[in-house]
*Asks:* 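Sharing a structure with you now.
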Protein chains: 2
Amino acid sequence: MAKKLDSQGRLDDAARAGWLYYVAGRTQDEIAVAMGISRQSAQRLVSLAVAERLIKVRLDHPIAVCMEYASELKKKFNLRHVDIVPSDPDSTSSTIGIAEAGAAEIERWLRRSDPIVLAIGTGRTLKAAVDQLPAIECLQHRVVSLTGNIGPDGSAAYYNVIFSMADVIKARHFPMPLPVLVSSAEERELLHAQALVRSTLDISAQADVTFVGIGEMGVEAPLCLDGFLERDEMLALMKRGAAGEICGWIFDGGGKLMPDDVNERVASAPLPSRDASSVIGIAKGRRKFEAIRAAVIGRQINGLITDEAVAEFLLKD
Amino acid sequence: MAKKLDSQGRLDDAARAGWLYYVAGRTQDEIAVAMGISRQSAQRLVSLAVAERLIKVRLDHPIAVCMEYASELKKKFNLRHVDIVPSDPDSTSSTIGIAEAGAAEIERWLRRSDPIVLAIGTGRTLKAAVDQLPAIECLQHRVVSLTGNIGPDGSAAYYNVIFSMADVIKARHFPMPLPVLVSSAEERELLHAQALVRSTLDISAQADVTFVGIGEMGVEAPLCLDGFLERDEMLALMKRGAAGEICGWIFDGGGKLMPDDVNERVASAPLPSRDASSVIGIAKGRRKFEAIRAAVIGRQINGLITDEAVAEFLLKD
DNA sequence: TTTGCTCATGGGCAATTACTCACATCTTGC
DNA sequence: GCAAGATGTGAGTAATTGCCCATGAGCAAA
């Protein structure tokens with residue numbers, strides 16, 4: 001070979017080796033023979049070609065952009081887990097796609113053989129996700145609800161999902177026999193002191209992974225639709241800067257829990273630690289843009305399952 | 001994951017795995033953990049992504065000697081466009097490398113926002129190139145076939161590429177509902193007079209760019225293999241000095257169309273103007289040396305995508 | 001319902017590739 | 001012309017990947 005190898009010549013060789021390796025599909029051994037160098041040198045040239053970005057790999061599939069977004073979001077917001085599903089602009093469903101993706105992620109956790117504690121919030125999206133779960137026996141795990149299962153009128157809250165979940169997987173489950181909102185901070189303390197509630201709260205604090213929906217603010221928001229909040233309470237909250245809620249915990253545009261009397265009355269368990277465990281939000285849709293951004297910024301969650309449209313919104317500034 | 005896995009979902013997974021492997025640079029083990037599958041399954045998905053051509057690799061570096069050859073060829077034969085890819089002396093494939101390069105050049109044309117007419121010939125090499133194309137919507141362009149799509153036995157000619165092309169790009173396309181060779185000059189006139197054929201011929205004459213394969217002469221040549229010409233017809237042609245063919249048009253060593261009865265029966269559209277448009281040949285391989293030289297000398301083409309070995313041959317005298 | 005077929009799965013193993021270390025060679029600055 | 005640092009090389013070894021096989025699930029025909 002040439003005695004003097006300037007960096008141009010070396011890059012040429014790297015390009016040639018990279019071409020033989022990736023395009024022609026030869027092994028590094030064959031390349032070494034063809035180029036008259038040692039196997040190791042061939043390997044170095046190939047990795048140089050990669051390092052110098054001479055080799056461009058492109059994935060020609062609609063999923064590609066989702067993966068891209070996921071990786072950027074993970075970096076930008078320091079998230080543990082991000083899953084982006086393709087958007088269907090023609091669909092008005094607020095769950096299509098993410099329900100399946102959410103179920104897949106829940107299932108991944110449930111398939112673990114070591115026992116875990118899985119905490120779960122409430123909401124339509126989460127319910128849709130749980131409905132997608134296959135039947136698996138998970139005797140080793142425990143599933144705990146972060147939110148009360150009693151509706152404002154005393155009936156069972158429809159969108160409390162822990163029972164649906166318990167139906168399909170055979171794990172021990174710990175519902176929270178409370179309303180979502182109580183009348184005062186004092187009442188909450190009283191209720192939380194009950195042995196049964198106490199133990200559920202304790203278990204929830206040990207959660208290894210948590211799945212929650214993310215609610216937006218507005219008179220059409222779930223909190224209002226389901227009768228937990230009156231229309232004017234909601235309007236007042238919005239005036240004070242509320243951006244969204246998770247399990248009833250209301251946060252502002254920066255994702256900080258608001259020092260508000262409504263939050264004083266939330267009977268849900270606190271969200272498990274975002275430092276020590278995974279807390280994964282599942283949500284999409286135009287109306288939730290701000291709520292999702294706030295939740296991510298304020299680290300109410302450290303994982304996100306959403307769609308392309310939300311990803312674009314979160315990445316755009 | 002244990003849900004019903006339709007092939008769509010499986011391709012999605014393959015794309016994910018492929019992305020994680022090639023773009024994100026994760027190992028198959030990491031991918032397996034991330035996707036909740038076994039390492040072997042991850043490996044299968046990755047290779048499926050490759051097999052399904054979801055992964056496109058290209059080399060983005062001007063290898064000095066290739067660039068040099070290209071510029072010399074351009075000058076020597078007054079060509080509009082020359083692309084030289086490295087040779088792999090041990091490979092017997094007649095398409096490797098130039099298929100990717102051809103696809104890249106086709107893509108460059110397709111990416112133009114102003115509407116163009118792209119004419120396309122036939123052949124294995126061209127088919128391999130089109131298979132490398134990514135899916136792009138090109139509603140503004142028109143794609144027209146220069147050759148008939150009916151094989152000698154009346155079936156669809158396999159190596160007619162316009163349909164493969166129309167699959168991946170969503171442009172209007174104009175196939176040529178004719179055999180490649182007809183029985184006589186009179187029959188050709190008759191068929192060409194049909195309205196449908198007429199309009200395709202008219203469009204092809206307006207082509208802004210044309211991509212064609214270059215066929216060699218010989219009993220192993222495509223024209224024979226695919227049954228368009230009998231063995232002894234071919235031998236007679238060679239005796240009369242035939243050097244190669246493009247879209248069935250047979251030319252001699254000087255690249256001039258032969259005044260031969262076979263050429264009288266070729267039903268293909270004439271090659272678009274080499275003065276007013278780009279007509280790019282894609283071919284390589286020892287057996288095509290003479291055919292390529294003739295095509296370039298006789299200006300059947302004014303652009304060439306080939307490999308180092310051919311470039312050296314063309315430059316050596 | 002049974003039988004046969006296809007195909008995905010996971011384990012195991014061999015081939016291939018990546019990394020580390022010690023040494024040789026080349027370039028640079030004086 | 002020489003020392004010092006940078007850079008390339010080969011060997012050995014660990015990690016990663018590719019492939020074959022037996023198995024079992026899903027599905028269609030009998």
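Just so it is clear, the structure is predicted and the values come from calculations on it, not from any experiment. Labels below follow one simple rule: chain letters A, B, ... track the order of the sequence lines, proteins then strands, and each chain is numbered from 1.
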*Asks:* Counting distance only, does the side-chain N/O of A:N302 pair as donor-acceptor with the main-chain N or O of A:S277 below 3.5 Å?
*Replies:* yes
*Asks:* For the pair B:R108 and B:E105, find out whether any cationic side-chain nitrogen is under 4.0 Å from an anionic carboxylate oxygen.
*Replies:* yes
*Asks:* Does D:dT9 have OP1 or OP2 sitting under 4.0 Å from an N or O in the side chain of A:S41?
*Replies:* yes
*Asks:* Just to verify, which of A:L45, A:I37, A:L48 counts as forming a side chain to side chain contact (heavy atoms under 4.5 Å, CB included) with A:D13?
*Replies:* A:L45
*Asks:* How many Å lie between CD1 on B:I37 and P on C:dT9, as a whole number?
*Replies:* 7 Å
*Asks:* Over how many whole Å does the gap from B:L48 atom CG to C:dA8 atom C1' extend?
*Replies:* 12 Å
*Asks:* For the pair made of CD in A:Q40 and P in D:dA14, what is the distance, rounded to whole Å?
*Replies:* 16 Å
*Asks:* What is the distance, to the nearest angstrom, from the OH atom on A:Y22 to the C1' atom on C:dT16?
*Replies:* 13 Å
*Asks:* Rounded to the nearest angstrom, tell me the gap between atom CZ in B:R39 and atom P in D:dG18.
*Replies:* 8 Å
*Asks:* Given atom CD of A:E30 and atom C1' of C:dT16, what is their separation to the nearest angstrom?
*Replies:* 11 Å
*Asks:* Could you tell me whether the side chain of B:R44 has a donor or acceptor atom within less than 3.5 Å of a complementary atom in the base of D:dG18?
*Replies:* no
*Asks:* Can you tell me if the side-chain N/O atoms of B:S38 get under 4.0 Å from OP1 or OP2 in C:dT9?
*Replies:* no
*Asks:* Does the A:K284 side chain pair with the main chain of A:I96, one donor and one acceptor, at a distance under 3.5 Å?
*Replies:* yes
*Asks:* Using atom CG of B:D13 as one end and atom P of C:dA8 as the other, report the distance to the nearest whole Å.
*Replies:* 12 Å
*Asks:* Think B:Y21 has a side-chain N or O under 4.0 angstrom from the OP1 or OP2 of D:dT16?
*Replies:* no
*Asks:* In this structure, how many angstroms lie between the C1' atom of D:dG18 and the CG atom of B:D29, rounded?
*Replies:* 14 Å
*Asks:* Check every strand shown and say whether B:Q28 touches a base, only sugar-phosphate, or nothing at a heavy-atom separation below 4.0 Å.
*Replies:* sugar-phosphate
*Asks:* Mark yes when over 12 heavy atoms from residues, nucleotides or ligands other than A:R274 sit less than 6.0 Å from its CZ; otherwise mark no.
*Replies:* yes
*Asks:* Taking the minimum atom-to-atom distance to the side chain of B:Q43, which one of C:dT9, C:dA18, D:dT17 wins?
*Replies:* D:dT17
